[in-house]
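Have a look at the structure below before the remarks.
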Amino acid sequence: MNKTYCFFSARYLPYLGGVERYTYNLANELILAGNKVIIVTSHIGKELAYEKKENVEIFRLPSLSLLKGRFPVIRYNRETKKYIKALKEKTIDFVIVNTRFYLMSYVGARFAHKNKISAIVIEHGTGHFTVNNRFFDSLGHIYEHFISIILKRNVKDYYGVSLECNKWLKHFKITAKGVLYNAINIEQIINLYEKRNQDIEKKIEYKSSDIVITFTGRLIKEKGVCKLLAAFKAIKEKFPDLKLCIAGDGNLYNEIVLEKEHGIYVLGKLSFENVVGLLKLSDIFCLPTDYPEGLPTSILEAVACKCYVITSAMGGAKELILDSTYGTVLQNNSVGELEKKLVEIISNRERREKAVKKSYEKICSEFTWKRTADKIIEIFEKNGGKDRLKNVE
């Protein structure tokens with residue numbers, strides 16, 4: 001094959017999030033298939049502006065770090081122009097724009113259009129970007145519609161990381177061409193899962209009789225961590241061996257870390273190895289999110305680590321947790337409903353085990369990076385990168 005794929009993604013490693021990990025894993029899989037990968041992202045920290053790492057060329061364009069890094073904005077200066085010129089001199093076959101609403105997305109779409117390179121946009125959300133302020137959110141909605149209009153003028157083909165993402169694209173009068181699912185590296189997780197992680201065992205004072213509920217992700221209100229804390233406190237007296245483990249960082253960390261109640265362990269940001277180690281010890285993974293999720297990586301990882309999943313109806317989780325025989329999807333996502341479902345699931349070990357088996361089998365067969373990478377290769381190779389992309393079901 002030996003094609004060159006260029007990703008434009010507003011954020012990338014070392015920053016950890018669903019989109020960042022999607023880009024990283026998909027890039028690795030494309031390289032394994034014999035291709036080259038370039039990643040264009042924002043320079044908002046102390047990382048090198050240009051580097052080659054793990055066979056990936058990374059260009060970081062000068063950017064302002066707004067909203068604590070959640071919304072990088074490119075500075076279109078001399079250095080940016082220099083890197084865009086360097087990209088033009090490379091033989092790039094295909095462009096992949098990750099997410100729709102960043103200025104980086106427009107830069108990628110415009111670059112592809114001007115240089116007549118086949119391109120797609122991959123949608124990762126199922127709702128408007130929010131900063132939890134009604135006035136600024138309203139302005140953000142206007143901006144998001146505006147940038148979607150100008151993006152459509154440059155790229156015609158859109159995909160989502162879940163069917164729910166594709167439904168959301170219709171809000172912007174965009175009809176998606178198909179799904180490029182978020183996924184996991186199942187071999188990597190199995191390898192880590194099989195190792196005993198004594199560090200995590202010590203951190204949570206683990207005993208074999210424990211029933212462990214775990215949350216991993218950004219510690220922000222929208223992710224539902226406060227709801228989980230409230231539900232856990234309401235039911236913990238019923239189950240003396242019950243523990244709640246919270247792993248992650250975010251603006252609620254300093255508040256949550258003050259939780260000193262028995263059975264609550266606030267672990268902060270963990271390495272991937274320790275996340276897998278924690279999930280291995282966990283019985284239930286809980287993400288009662290109100291965030292406009294695409295298909296949360298944390299849920300995929302939890303299922304791969306054989307946890308029973310309780311989550312909300314936000315985003316594409318329903319495409320993995322098909323019904324109650326696979327896990328629990330909360331209908332109104334209230335603290336009261338979460339309490340009820342936790343008690344129900346904790347009390348029924350046989351139901352948990354059957355659901356874990358079914359969801360694990362589904363993820364191993366349908367949610368792998370090879371499957372997603374193969375579909376991307378099919379999308380681009382179908383027309384040789386010359387004509388408008390055709391639908392790939």
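What you see is a predicted model; the values in this text were computed from it and never measured.
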Notebook entry, point to check: Going by the side chain to side chain donor-acceptor pair (under 3.5 Å) test, which pairs reach into residues 56-65, not counting sequence neighbours?
Noted result: Tyr50-Glu57, Glu51-Arg60, Glu57-Lys90
Check: Is any NZ, NE, NH1 or NH2 atom of the basic residue among Glu79 and Lys82 found under 4.0 Å from an Asp or Glu carboxylate oxygen of the other?
Finding: no
Next item on the list: Supply the members, apart from Ile149, of the Ile/Leu/Val/Met/Phe/Trp/Tyr cluster built from side-chain contacts under 4.5 Å; use none for a lone residue.
Entry: none
Next item on the list: Carefully, step by step, assess Glu319 and Tyr181 under the rule side chain to side chain donor-acceptor pair (under 3.5 Å).
Entry: CA-CA 10 Å; Glu319 293 160 51; Tyr181 272 118; 2.7 Å; yes
Next item on the list: Tell me, yes or no, whether the heavy-atom count around Lys233 atom NZ, taken from other residues, nucleotides or ligands under 6.0 Å, exceeds 12.
Entry: yes
Checklist line | Donor-acceptor contact present, side-chain Thr41 to main-chain Ala10, <3.5 Å | finding: yes
Check: Counting N and O atoms only, with roles assigned by atom type, does the side chain of Glu337 sit under 3.5 Å from a partner on the main chain of Asn332, one being a donor and the other an acceptor?
Finding: yes
Next item on the list: Not counting sequence neighbours, which residues clear salt bridge (charged side-chain N to carboxylate O under 4.0 Å, His left out) with Arg351? List them please.
Entry: Glu344
Item checked: Any donor-acceptor N/O pair, Asn274 side chain to Gly277 backbone, under 3.5 Å -> no
Check: Got a donor-acceptor contact below 3.5 angstrom from the Lys358 side chain to the Tyr326 backbone?
Finding: no
Item checked: Least distance between heavy atoms, Asn98 atom then Ser105 atom -> O-OG, 3.9 Å
Notebook entry, point to check: Only one of Lys223, Lys221, Lys227 clears salt bridge (charged side-chain N to carboxylate O under 4.0 Å, His left out) with Asp290; which?
Noted result: Lys227
Notebook entry, point to check: Donor-acceptor pair, Arg352 side chain versus Ile345 backbone, under 3.5 Å?
Noted result: yes
Next item on the list: Give a yes or no on whether the ring-centroid distance for Tyr5 and Phe380 is below 6.0 angstrom.
Entry: yes
Notebook entry, point to check: If you group Ile, Leu, Val, Met, Phe, Trp and Tyr whenever their side-chain heavy atoms sit less than 4.5 Å apart, what else falls in with Ile142?
Noted result: none
Notebook entry, point to check: Should the heavy atoms of other residues, nucleotides or ligands under 6.0 Å from NZ of Lys269 be counted, would the total exceed 12?
Noted result: no
Next item on the list: Step through the shown structure and confirm whether more than 12 heavy atoms of other residues, nucleotides or ligands are within 6.0 Å of NZ on Lys36.
Entry: no
Next item on the list: Mark yes or no: Arg218 above the aromatic ring of Tyr291, with NZ or CZ under 6.0 Å from the six-membered ring centre and no more than 45 degrees from the axis.
Entry: yes
Check: Of Thr289, Val266, Ile246, which is the lone residue that meets side chain to side chain contact (heavy atoms under 4.5 Å, CB included) with Val225?
Finding: Ile246
Next item on the list: Over 60° means perpendicular and under 30° means parallel, so classify the ring planes of Phe8 and Phe111, tilted if in between.
Entry: tilted
Notebook entry, point to check: Can you pull the salt bridge (charged side-chain N to carboxylate O under 4.0 Å, His left out) pairs that have at least one residue in residues 241-253, sequence neighbours excluded?
Noted result: Asp210-Lys243
Next item on the list: Determine, for Glu353 against Arg349, whether the closest basic-nitrogen to carboxylate-oxygen distance falls under 4.0 angstrom.
Entry: yes
Check: Distance-only, no hydrogens or angles: does the Asp157 side chain make a donor-acceptor pair with backbone N or O of Ile120 under 3.5 Å?
Finding: no
Check: Can you say whether the rings of Trp168 and Phe172 are parallel (under 30°), tilted (30 to 60°) or perpendicular (over 60°)?
Finding: perpendicular
Notebook entry, point to check: salt bridge (charged side-chain N to carboxylate O under 4.0 Å, His left out) with Glu361: which residues, sequence neighbours excluded?
Noted result: Lys357
Margin query: Does this structure show an ion pair linking Lys370 with Glu29, if we count only N-O contacts that are shorter than 4.0 Å?
Written below: no
Notebook entry, point to check: Does the ring centre of Tyr143 sit less than 6.0 Å away from the ring centre of His128?
Noted result: no
Note to self: Can you tell me how far apart OG1 (Thr91) and CD1 (Ile117) are? Round to the nearest 0.5 Å.
What the structure shows: 9.5 Å
Next item on the list: Might you point out which heavy atoms bring Pro296 and Asn182 nearest each other, and give the distance in Å?
Entry: C-ND2, 4.1 Å
Item checked: Carboxylate-amine/guanidinium contact Lys382 Glu378, below 4.0 Å -> no
